Amino acid sequence: MKGSGPLLTVMATLILLVVLSPIAAVSILASSTEHFMAFPPSGYSLRSFPELPANEPLLISVWLSLKIAPLVTVLSLLIGTSAALVLEKLNFLGRDALLTFFLAPLLLPALVLGLSLMNLLTSVRLSGTIPALVLGHLIVTVPFVIRQMNSAFSALPKEVEVAAATLGAKPSRVIFRITLPLVMPSLIASAALSFLLCFDKAAISLFLVRAQVTALPVEMMNSGHGRADPFIAALSPLVIVGTLSIVLLIERLFGLARAIGNRGT
């Protein structure tokens with residue numbers, strides 16, 4: 001923190017410790033020797049990790065989320081990138097209102113979205129199905145992609161696209177050969193965010209699952225409420241490590257600031 005002063009540095013450090021403290025607590029619980037969650041644990045062992053594959057409901061929910069997440073990611077990129085491109089490149093009446101409409105789910109509580117989706121999908125007999133889960137996640141992920149890609153497209157130098165068009169490139173060729181390659185870091189970041197959100201939105205998944213179709217966030221929540229064994233604590237560090245690995249990979253390949261559209265001045 002250049003020029004921030006000692007007081008601001010101390011405050012930032014305290015805030016960082018508060019944010020990271022739940023992760024530290026979960027990591028400690030994951031290595032407990034107890035058959036129930038107790039903090040601090042009386043002893044430490046890694047026995048919960050080898051026993052995770054034997055937890056069939058948890059394993060089924062992991063595989064279900066891993067099947068849904070790639071589909072949601074691809075659809076989010078197709079829908080969100082196309083919408084952002086149209087909203088950024090075309091000037092038409094009601095464009096700002098349409099952008100506000102697309103971003104509205106970001107302002108609504110997840111519980112409101114989940115309940116509304118449940119009522120809608122129940123009326124068409126889709127509630128509790130995999131398509132319902134995909135649709136529920138798309139309503140959350142697509143606005144993030146639109147906001148991210150809209151920012152990336154607006155930051156592109158217009159001269160590059162104009163030069164390509166002047167040299168005879170068709171609009172479709174300009175998009176696929178010039179525009180999209182230039183925003184590739186933001187595309188990768190949007191894909192990673194969409195993928196990770198599929199493992200996070202328990203409030204939405206809760207209204208859209210049934211006994212045979214249970215996503216990982218809902219199964220983790222049920223495990224935490226129904227029984228106090230350390231299995232759920234053992235799974236949490238694995239999810240955290242997976243999330244951190246994706247973020248570090250983006251940072252390594254593109255730089256996180258560039259990927260999220262912050263190119264500086």
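Remember, predicted model here, so these are calculated numbers, not experimental data. Keep in mind that the numbers below use all heavy atoms, side chains included, and drop hydrogens, waters and symmetry copies.
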Walk me through whether R147 and L103 qualify under side chain to side chain contact (heavy atoms under 4.5 Å, CB included). CA-CA 7 Å; R147 185 175 64 176; L103 299 183; 4.0 Å; yes

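- Within 6.0 Å of the NZ atom in K89, the count of heavy atoms belonging to other residues, nucleotides or ligands exceeds 12.
- There is no path of hydrophobic side-chain contacts, each under 4.5 Å, that joins L120 to I139.
- The CD atom of Q148 sits 13.5 Å away from atom OG1 of T141, with the distance rounded to the nearest 0.5 Å.
- Note on M184 and L85: same hydrophobic cluster, where clusters join Ile, Leu, Val, Met, Phe, Trp and Tyr whose side-chain heavy atoms are under 4.5 Å apart, directly or indirectly.
- Here the side chains of L7 and M11 are in contact, with some heavy-atom distance below 4.5 Å.
- In this structure, T73 and A191 approach most closely via the heavy-atom pair CG2-O, 3.5 Å.
- The local environment of CG in L16 is crowded, with over 12 non-hydrogen atoms from other residues, nucleotides or ligands closer than 6.0 Å.
- If you run side chain to side chain contact (heavy atoms under 4.5 Å, CB included) between I178 and each of L182, I175, L180, only L182 comes through.
- A single hydrophobic cluster is seen to contain both L156 and F176, as judged by linkage of ILVMFWY side chains at heavy-atom distances under 4.5 Å, directly or through other members.
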Derivation and outcome, side chain to side chain contact (heavy atoms under 4.5 Å, CB included), residues L99 and I146: CA-CA 9 Å; L99 177 60; I146 292 176; 4.0 Å; yes

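- Grouping Ile, Leu, Val, Met, Phe, Trp and Tyr residues whose side-chain heavy atoms lie under 4.5 Å apart, directly or via other members, places V74 in a hydrophobic cluster with L78.
- Using a 4.5 Å cut-off between side-chain heavy atoms of Ile, Leu, Val, Met, Phe, Trp and Tyr, with links allowed through other members, L90 and L93 fall into different hydrophobic clusters.
- Put simply, CG on L71 and CG on L138 are 7.5 Å apart, with the number rounded to the nearest 0.5 Å.
- With rounding to the nearest 0.5 angstrom, the CG atom of L193 is 13.0 Å from the CD1 atom of I188.
- The two atoms that bring V145 and S76 nearest to each other are CG1-O, 3.7 Å, heavy atoms only.
- Closest heavy-atom contact between F102 and P105: O-CD, 3.3 Å.
- Residues T9 and T13 share a closest heavy-atom pair of O-OG1, 2.8 Å.
- With contacts defined as side-chain heavy-atom distances shorter than 4.5 Å, the pair F144/S190 does not qualify.
- Across all their heavy atoms, R95 and L87 have their closest contact at CD-O, 2.8 Å.
- Closest non-hydrogen pair, V183 versus F153, comes out as CG2-CE2, 3.8 Å.
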